[in-house]
Amino acid sequence: MTEDFNTVSEDDLHAYVDGFLTPRERQRVEQWLERNPARAEEVRQWQAQAVDLRALFAGYARSDARDRALLLSSSHSDLPQPNPGRNNGKDTGSAIRRLRAIAAGLALFAAGGLTGLYAPALLSADRGGRAIETADSLPRQAQSAFLVYASEVRHAVEVGADEQSHLANWLGKRLDHPLSIPDLSSLGFSLVGGRLLPVNGKAGAMFMYEDGTGRRLTVLLGRNDDNRETSFRIDSADGVETFYWIDGPIGYAVTGEVPRNLLQQVADECYRQFDKSEATGS
């Protein structure tokens, strides 16, 4: 292994959280994090903070033709520059925090030009209402499916985990979208199976997972052909938490009666794996 592979800087980690890395750079950072669990936990906390910020301000986000110019200008002039005469002390930490705050603000209001982990969607006026209506209905449908099926003992799914390949192929064809089933074993959840169900009046898919204590959560997918952006939101109803996002033609929702930070980690992992499978077409 090269020294470049073994070395990940603080800037690399922040770029990873903000979604500014290329796929190859992202893989390098993820492999480094696997060997540095303390930093990996810190990065997960940063990701959770970013999610909360974006959810908090999502209702105020508006696109503007001047946003891209503002972003480019800020990246060259307004952001604090590192001082080579200082170590990673208090001043550097302050500068990094300021960088992250500015980056989070720009990510909220940039005109759809940034992509990456949970990049917020800024919908255009001509289709914004329709896409928002679809997005808002997704957590309701996900929560209803969870409440109906998660309590089932014998008939929670149509196809069990022992037929995972068939399940992925079948539901992928019904959604007309390349589909792989997320592996959540690193978070303590194993696949129970999945089923076909309607989402927004079209064929949708639901995967169910269970941990060693019997807690279940579901991952719902449905078509959303009117949208081409990516958004991420959080919804709660009667103790049922849902993390949901819309990425291109597909909407995703992760639902469960588990702590929000755990569900957010599950959503992170699902997003990463779905994004990887779509990029490879598998």
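- Of all the heavy atoms in Thr242 and Leu263, the pair that sits closest is N-CD2, 4.0 Å.
- Looking only at side-chain heavy atoms (C-beta outward), Glu30 and Arg26 come within less than 4.5 Å of each other.
- Remark: the backbone N or O of Ala156 is paired with a side-chain donor or acceptor of Arg195 at under 3.5 angstrom.
- Contact annotation: the side chain of Trp32 never approaches that of Asp12 to less than 4.5 Å [non-hydrogen atoms, C-beta and beyond].
- No donor-acceptor pair closer than 3.5 Å links the side chain of Asn200 to the backbone N or O of Lys202.
- Residues Val240 and Val148 fall into different hydrophobic clusters, defined by Ile, Leu, Val, Met, Phe, Trp and Tyr side chains chained together at heavy-atom separations under 4.5 Å.
- When the side chains of ILVMFWY residues are joined at heavy-atom separations under 4.5 Å, either directly or via intervening members, Leu167 and Leu175 end up in a single hydrophobic cluster.
- Both Val219 and Leu187 belong to a common hydrophobic cluster when Ile, Leu, Val, Met, Phe, Trp and Tyr are linked at side-chain heavy-atom distances under 4.5 angstrom.
- A donor-acceptor distance shorter than 3.5 angstrom exists from the side chain of Glu158 to the backbone of Leu196, with no hydrogens or angles considered.
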Report the C-alpha distance between Glu25 and Tyr16 in whole Å, list the side-chain angles of each, state the deciding distance to 0.1 Å, and finish with yes or no for side chain to side chain donor-acceptor pair (under 3.5 Å).
CA-CA 8 Å; Glu25 291 171 334; Tyr16 172 80; over 6 Å; no
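- You'll find the side chain of Arg260 reaches within 4.5 Å of the side chain of Ile234, heavy atoms only.
- In plain terms, the two heavy atoms of Leu184 and Cys270 that are nearest each other are CD2-SG, 4.0 Å.
- Between the side chain of Asp275 and the backbone N or O of Tyr271 there is no donor-acceptor pair closer than 3.5 Å.
- In this structure, Ser165 OG and Trp170 CH2 are separated by 14.0 Å, a value rounded to the nearest 0.5 Å.
- Tyr209 places none of its side-chain heavy atoms less than 4.5 Å from the side chain of Val254.
- The two atoms that bring Thr255 and Ala142 nearest to each other are OG1-CB, 3.4 Å, heavy atoms only.
- A heavy-atom distance below 4.5 Å is found between the side chains of Arg223 and Asp176.
- Contact between Phe189 and Arg215 at its shortest, heavy atoms only, is CE2-O, 3.7 Å.
- Note: Phe274 and Tyr252 have tilted aromatic rings, judged against thresholds of 30 and 60 degrees for the angle between ring planes.
- At a threshold of 4.0 Å, the pair Glu10-Arg39 counts as salt-bridged, since one of the basic side-chain nitrogens sits closer than that to a carboxylate oxygen.
- Once rounded to the nearest 0.5 Å, the distance linking CG of Leu33 with CZ of Arg28 reads 10.5 Å.
- Between Val199 and Leu138 there is a side-chain heavy-atom pair separated by less than 4.5 Å.
- No path of Ile, Leu, Val, Met, Phe, Trp and Tyr side chains, each step under 4.5 Å between heavy atoms, connects Phe146 with Met208, placing them in separate hydrophobic clusters.
- Taking CD from Gln164 and CG from Asn169, the interatomic distance works out to 10.5 Å, rounded to the nearest 0.5 Å.
- Panel note: side chain Ser236, backbone Glu241; no donor-acceptor pair is recorded below 3.5 Å.
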What verdict does the side chain to side chain contact (heavy atoms under 4.5 Å, CB included) test give for Gln143 and Asp235, after you've listed the backbone C-alpha separation in whole Å, the side-chain angles of each residue and the deciding distance to 0.1 Å?
CA-CA 10 Å; Gln143 289 158 2; Asp235 188 273; 2.8 Å; yes
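- Under a cut-off of 6.0 angstrom, the local environment of CG in Asn261 is crowded, with over 12 non-hydrogen atoms contributed by other residues, nucleotides or ligands.
- Residues Leu179 and Ala168 come closest through the heavy atom pair O-CB, 3.9 Å.
- In this structure, Arg216 contributes its side chain and Glu257 its backbone to no donor-acceptor pair below 3.5 Å.
- Classification of Arg44 and Glu41 as a salt-bridged pair holds, one side-chain N sitting under 4.0 Å from a carboxylate O.
- Ser9 and Asp11 share no side-chain donor-acceptor pair at under 3.5 Å.
- Under the 4.5 Å side-chain heavy-atom criterion for grouping Ile, Leu, Val, Met, Phe, Trp and Tyr, Leu262 is connected to Phe207 within one hydrophobic cluster.
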I would like to know whether Asp183 and Gln273 meet side chain to side chain donor-acceptor pair (under 3.5 Å); could you show each step before the answer?
CA-CA 8 Å; Asp183 179 358; Gln273 294 190 35; 5.8 Å; no
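- The shortest heavy-atom contact between Ala15 and Leu21 is CB-CD2, 3.6 Å.
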